[in-house]
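Just dropping this structure here.
Every chain is numbered from 1 and lettered A, B, ... according to where its sequence line falls, protein lines coming before strand lines.
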There are 2 protein chains.
Amino acid sequence: MRPKNLEKEQAIRTIALDIIANEGLENLSMQKLAKAANVSPRTIYIKYEDKEDLLIKLFITEVLGAYEAAILKGFDEKVDFETGIKKLWDNGFQYLKNNRTHFALILYGKSSPLLNKAYQRENIQQGQFFAPIHRFIQSNVEAGIISDLPFDAQRALMFSPLLDLVNEYFDHLNRPIQIITDEVVSACCDAVIKGMMK
Amino acid sequence: MRPKNLEKEQAIRTIALDIIANEGLENLSMQKLAKAANVSPRTIYIKYEDKEDLLIKLFITEVLGAYEAAILKGFDEKVDFETGIKKLWDNGFQYLKNNRTHFALILYGKSSPLLNKAYQRENIQQGQFFAPIHRFIQSNVEAGIISDLPFDAQRALMFSPLLDLVNEYFDHLNRPIQIITDEVVSACCDAVIKGMMK
DNA sequence: ATTATAAGTAAATGTTTATTTACTTATGGT
DNA sequence: ACCATAAGTAAATAAACATTTACTTATAAT
């Protein structure tokens, strides 16, 4: 039997992310995607059941999976709180600013009911995404180093400013001066750490 | 001449927000909206130039305008830092949790290129949105009470955890126990304040 | 070399889309 | 009482949409 052309599969995913980042999720159509990826519409349906299936797999596997791997790269749960958070922030900021199209879909994951439901399902059923971070927070709460709050609240305090800063980073990318520099990000990380510690 | 039916105008806006919140921006169509609002498609085009115009006016005027008014209600720039932030957080959380459909469009404002550009334009040209907050931050920086960072970074530190908490609030709304209570939000606000202060 | 089979294509399907055309209705000013 | 006019409607239009049909192609196993 004829083997799958993995380059085409990758082209479909990459170009789907491009279109979503540049024109918006609401402007991604299967025909536009097929044409841009130099592929017949039918080919997309060989690899994905339908549009919803494509979007969910793109979000969960391609984007969240890679994001999780990047953010946890070299992260050691046993390290002290400040060092750990700094590592996660540094990993996260570097990854997101180098993967604008991934970041765009992550943002849609917070807005789009379809993607949000998929994320929720994934998060509840598997409980795997960010499990090391969950344990890291837990042990620091138990050691009395940070305040005892629900994990969802800790996560909001820890990561949402980072995502917002990346958003500002891209907004400012094409202006005369870049406001969101590595130094600014680092200072914000310090503020987050200070806020969470007892 | 026949006068405008303001109820119909309001119905169009309210139901557009409903559809966006429940089905997603990508599933809002003019015909679906017209049918749901009990109005002819043409009627929408009397009030708005096209779909883009409708979305931008919905976002800027109906949603961001109301959000700004709500968050600044009773806010006094002269008050001390902690009191001021607590007021803004309380106003913001109450407003957003009572206006789920508005909140949904605010989230899309971060993802959708169309709305994001509109917000950026509005923010740069008028510089009015949140101007009192800008001054509040500025004077607290000058008084040496909080760290000196670019305003966009201060805003990220101050408000993005709040938006994330509202998101979690709605995610948990239909589960046995609500995790994001007023107490949790208040504790997060304390963390944000502590982090920003020198 | 042949063949079974999944991968791939171009073109068509019926539906939904944004927007318009041609017409009707309600009302403030005369 | 009427009329000018903008507000409103139902139905139509052409383009774009997700998905399928009918066919061709490449290759691993025989």
TODO: Return no unless some side-chain N or O of K8(A) is found under 4.0 Å from OP1 or OP2 of dT9(C).
DONE: yes
Task: Connected via hydrophobic side-chain network under 4.5 Å: Y48(B) and I46(B) - done: no
Open item on the list: Can you measure Y48(A) atom OH to dT19(D) atom C1' for me and round it to whole angstrom units?
Closed with: 17 Å
Open item on the list: Between D90(A) (side chain only) and K86(A) (backbone N and O only), is there a donor and an acceptor less than 3.5 Å apart?
Closed with: no
Task: Gap between atoms CD1 and C1', on I44(B) and dA10(D) respectively (whole Å) - done: 14 Å
- [ ] Side chain of K4(B) only, please: which of dA7(D), dT9(C), dT27(C) is the nearest?
- [x] dA7(D)
- [ ] Please determine, for the side chain of I46(A), which listed nucleotide (dA7(C), dT19(D), dT9(D)) has the closest atom?
- [x] dA7(C)
- [ ] Find the distance D50(A):CG to dC17(D):C1' and express it as a whole number of Å.
- [x] 14 Å
Task: Flag, side chain of E68(A) to backbone of F130(A), donor-acceptor distance under 3.5 Å - done: yes
Open item on the list: Please report the distance, rounded to the nearest Å, between CG in L114(A) and P in dA18(D).
Closed with: 13 Å
Task: Which nucleotide in dT19(D), dA18(C), dT21(C) has an atom nearest any side-chain atom of P41(A) - done: dT19(D)
Open item on the list: Which residue is it: Y67(A), F103(A), Y169(A)? I am looking for the one with a ring pair (Phe, Tyr, Trp, His ring centres under 6.0 Å) to F93(A).
Closed with: Y169(A)
Task: Residue-phosphate contact under 4.0 Å: K47(A) side-chain N/O, dG8(C) OP1/OP2 - done: yes
- [ ] Starting at atom NZ of K35(B), determine the distance to atom P of dT15(C), rounded to an integer number of angstrom.
- [x] 14 Å
TODO: Report the distance from atom CZ of R42(B) to atom P of dA7(D), rounded to the nearest whole Å.
DONE: 10 Å
Open item on the list: Please report the distance, rounded to the nearest Å, between NZ in K51(B) and C1' in dT16(C).
Closed with: 11 Å
Task: Any donor-acceptor N/O pair under 3.5 Å between dA7(D) base and T43(B) side chain - done: no
Open item on the list: As a test of reading the structure: which of dT9(C), dT19(C), dA18(D) is closest to the side chain of Y45(B), going by heavy atoms?
Closed with: dT19(C)
- [ ] For the pair E62(A) (side chain) and T14(A) (backbone), establish whether a donor and an acceptor sit closer than 3.5 Å, ignoring hydrogens and angles.
- [x] no
Task: Separation of dA18(D) P from E49(A) CD (nearest whole Å) - done: 16 Å
Open item on the list: Show, in sequence, the C-alpha distance, side-chain angles and deciding distance for L173(A) and Q178(A), and conclude whether the side-chain contact (heavy atoms from CB on, under 4.5 Å) test is met.
Closed with: CA-CA 6 Å; L173(A) 203 53; Q178(A) 175 57 260; 3.6 Å; yes
Task: Flag, side chain of N91(B) to backbone of K73(B), donor-acceptor distance under 3.5 Å - done: yes
TODO: Using a cut-off of strictly less than 4.0 Å between a heavy atom of the residue and any atom of DNA chain C, enumerate the qualifying residues of residues 17-34 of chain B by number.
DONE: L28(B), S29(B), M30(B), Q31(B)
